[in-house]
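The structure under discussion appears below in the form of structure tokens.
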Amino acid sequence: MLEGIPLSDLTEEEEQILLYGYSEEMVARDAYNYLYELYGEETFQRIANSEQKHMDAVETLLNRYDLDVPTDYGELQSTFEELKAYGEK
């Protein structure tokens, strides 16, 4: 679908927004997967699957603009840990 749309240059800020957005979706996906593992509630698994779709969409843009796909949470590591701890309560 994007093939017919010409590429434009991204600003540094736009690149950072895409990278952060991917990491944010990864944190959400993994947190919901963690909750599913803890509680076995299908709702958590469905939400995790939605978060994966969001990651896939952002990854399409990262690839389009030749940006490296994040492999970890980066600055959001503490957010992931906080979400896990909150979910365990």
Side-chain angles (χ1 to χ4, degrees):
M1 182 160 91
L2 294 175
E3 294 83 28
I5 301 171
L7 278 176
S8 59
D9 292 334
L10 293 180
T11 65
E12 179 68 28
E13 181 181 14
E14 290 167 329
E15 288 180 9
Q16 293 307 310
I17 288 168
L18 284 174
L19 294 166
Y20 184 87
Y22 186 87
S23 294
E24 189 175 50
E25 297 296 344
M26 186 183 343
V27 165
R29 180 206 58 193
D30 292 351
Y32 282 112
N33 277 329
Y34 180 75
L35 294 173
Y36 175 70
E37 289 173 19
L38 280 179
Y39 303 111
E41 291 290 327
E42 289 294 318
T43 300
F44 293 133
Q45 189 173 43
R46 285 194 300 271
I47 296 170
N49 290 341
S50 285
E51 299 300 343
Q52 180 62 56
K53 289 178 184 175
H54 300 161
M55 287 173 64
D56 294 344
V58 176
E59 185 174 355
T60 297
L61 292 172
L62 292 171
N63 290 333
R64 180 171 167 84
Y65 289 98
D66 200 28
L67 298 172
D68 291 333
V69 176
T71 57
D72 60 28
Y73 309 131
E75 65 187 70
L76 295 173
Q77 180 66 47
S78 62
T79 301
F80 177 68
E81 299 303 328
E82 289 170 13
L83 290 171
K84 282 176 48 179
Y86 185 75
E88 291 169 357
K89 289 183 181 178

Checking [X] now: which residues fulfil side chain to side chain donor-acceptor pair (under 3.5 Å) with it, not counting sequence neighbours?
| X | answer |
| --- | --- |
| E15 | none |
| E13 | none |
| Q52 | R29, D56 |
| E82 | none |

With a 3.5 Å cut-off and sequence neighbours excluded, list the donor-acceptor pairs that the side chains of residues 65-73 form with protein atoms.
| from | atom 1 | to | atom 2 | distance (Å) |
| --- | --- | --- | --- | --- |
| D72 | OD1 | G74 | N | 3.1 |
| Y73 | OH | D30 | OD2 | 2.5 |

Name every donor-acceptor pair, under 3.5 Å, that has one atom in a side chain of residues 38-47 and the other anywhere in the protein, sequence neighbours excluded.
| from | atom 1 | to | atom 2 | distance (Å) |
| --- | --- | --- | --- | --- |
| Y39 | OH | G87 | O | 2.5 |
| E42 | OE2 | Y36 | OH | 3.4 |
| T43 | OG1 | R46 | NH2 | 3.3 |

### Query
Got more than 12 heavy atoms from elsewhere within 6.0 Å of OH, Y22?
yes
Kindly compute the distance separating [atom1] ([X]) from [atom2] ([Y]), expressed to the nearest 0.5 Å.
| X | Y | atom1 | atom2 | result |
| --- | --- | --- | --- | --- |
| E25 | Y20 | CD | OH | 11.0 Å |
| E51 | E24 | CD | CD | 9.0 Å |
| M55 | S23 | CE | OG | 8.5 Å |

### Query
Taking ILVMFWY side chains as joined if any heavy atoms are under 4.5 angstrom apart, and letting links pass through other members, which residues group with Y86?
none
### Query
Can you hop from M26 to V58 via hydrophobic side chains spaced under 4.5 Å?
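M26 and V58: one cluster.
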### Query
Can you name the residues that form a side-chain contact (heavy atoms from CB on, under 4.5 Å) with T79, not counting sequence neighbours?
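Here the qualifying residues are V27, L76, L83.
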### Task
Under the side-chain contact (heavy atoms from CB on, under 4.5 Å) rule, collect the residues that match up with K84, sequence neighbours excluded.
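By the side-chain contact (heavy atoms from CB on, under 4.5 Å) rule, K84 matches Y34, F80, E81.
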